[in-house]
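By convention here, the first residue in the shown sequence is residue 1.
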Amino acid sequence: MKQIAAACPATYLAAMRWLITLLTCCLPIPVMAHPHVFIDTGLEFIVDEAGQLTHVRVTWAYDEFYSLLVLEDMKLDQDADGILTTAEESRLTGFDAQWVEGYNGDLVLTAGDVPVVLSRPQEPRATTEDGRIVTSHLRKVEGGSVPANALSAKAFDETFYTAYELTRPVTVSGPVSCLVERFDPDIDGQLAQMQAFLRTLDADYDLEENDIPLVGENFATEIRLSCPDT
């Protein structure tokens, strides 16, 4: 078993926050094409003795403001100490695991460029850390397993309403040693492309009447997993 923490560079986070300002100020008012929810994300890849991926455990830590809204709406943490009782944690558990049909959990996996189909969330958990909601869920590889010798994973919302940042650990659990590599996006290049696109729009262009650019994947960090075949 080998564990690799995926630390996110400060410059990358700063660029992501600056991107929000750009989108908020430059896009037409009606469109909601910038993040409204920020989620610090962690991934645990679970592999078997043959170097096959069987499960992925996903951790989401919601930003302070969104956490406050959820807690207030569910009438939890009434004493506002940022700590939930066991009963409150039980009530919170699964609040973000009721997915509509076809939702991919904002996680895209490919094995050798072939999409990996994952189950709906299992074993949901929820708690709070310093007032922030932190949840996790387990997803099983449909069909049992896939080779993990050339696996790619990206966590993103294609509409960019939610911004996923891989600031929590990315690990591998299992009896074999695997290599985990992290590839952050070219923020400057993507921003330049977006600015060029915005400059092509006239003042009357209505993004609600036209196709809204799906930019979420452009700003997603890619994790590549390589486990030896045994």
*Which atoms form the tightest heavy-atom contact between Leu225 and Val180, and what is the distance?*
CD1-CG2, 3.6 Å
*Quick one: closest heavy-atom pair of Ala148 and Val47, and the distance?*
CB-CG1, 4.4 Å
_Side chain to side chain, Thr127 and Arg125, heavy atoms closer than 4.5 Å_ = no
*May I ask you to decide whether Glu44 forms a salt bridge with Arg139, counting only side-chain N to carboxylate O separations under 4.0 Å?*
no
*Decide yes or no for Val134 and Thr59: does some side-chain heavy atom of the first lie under 4.5 Å from some side-chain heavy atom of the second?*
yes
*Least distance between heavy atoms, Pro185 atom then Ala220 atom*: CD-O, 3.7 Å
_same_hphob_cluster(Phe45, Val117) at 4.5 Å side-chain heavy-atom cutoff_ = no
_So Thr41 and Thr167, do their side chains get closer than 4.5 Å, heavy atoms only?_
no
*With the side chain counted from C-beta on, respond yes when Glu72 and Lys75 share a heavy-atom pair under 4.5 Å apart, and no when they do not.*
no
*When clusters are formed by joining ILVMFWY residues with side-chain heavy atoms under 4.5 Å apart, either directly or through shared neighbours, do Leu166 and Leu107 land in the same one?*
yes
_With a 6.0 Å cut-off on the ring centroids, do Phe156 and Phe219 count as close?_
no
_In this structure, would Leu109 and Ile46 fall into the same cluster of hydrophobic residues linked by side-chain contacts under 4.5 Å?_
no
*Ignoring hydrogens and angles, tell me if any N or O in the side chain of Ser67 forms a donor-acceptor pair with the backbone of Asp63 under 3.5 Å.*
yes
*Residues Thr221 and Asp184: side-chain donor-acceptor under 3.5 angstrom*: yes
Would you give me the side-chain donor-acceptor pairs under 3.5 Å for residues 96-103, sequence neighbours excluded?
residue: Asp96; atom: OD2; partner: Tyr62; partner atom: OH; Å: 2.6
residue: Asp96; atom: OD2; partner: Thr135; partner atom: OG1; Å: 2.7
residue: Gln98; atom: NE2; partner: Gly94; partner atom: O; Å: 3.3
residue: Trp99; atom: NE1; partner: Asp96; partner atom: O; Å: 2.8
residue: Tyr103; atom: OH; partner: Asp106; partner atom: OD2; Å: 3.0

*Are Leu68 and Phe38 in one and the same hydrophobic cluster, where Ile, Leu, Val, Met, Phe, Trp and Tyr link if side-chain heavy atoms are under 4.5 Å apart?*
no
_Does this structure show an ion pair linking Glu123 with Arg57, if we count only N-O contacts that are shorter than 4.0 Å?_
yes
*Heavy-atom closest contact (Ala111 atom, Pro147 atom, distance)*: CB-O, 3.9 Å
_Leu138 with Val141, same ILVMFWY side-chain cluster at under 4.5 Å_ = no
*So, do Thr128 and Arg132 sit near enough that their side-chain heavy atoms are less than 4.5 Å apart?*
no
*Please say whether more than 12 non-hydrogen atoms of neighbouring residues, nucleotides or ligands are located less than 6.0 Å from CG in Asp79.*
yes
*Can you tell if the side chain of Leu84 reaches within under 4.5 Å of the side chain of Arg91, non-hydrogen atoms only?*
no
*Report yes if some heavy atom in the side chain of Gln122 is under 4.5 Å from a heavy atom in the side chain of Lys140; otherwise report no.*
yes
*More than 12 foreign heavy atoms under 6.0 Å from CG of Asp130: is that the case here?*
no
_Expected output: side-chain Glu88 to main-chain Asp77 donor-acceptor under 3.5 Å_ = yes
*Counting only heavy atoms not in Phe65, do more than 12 sit closer than 6.0 Å to its CZ atom?*
no
*Within a strict 4.5 Å, meaning less than it, do heavy atoms of the Trp60 and Tyr164 side chains meet?*
yes
*Residues Glu222, Arg224: salt bridge by 4.0 Å N-O rule*: yes
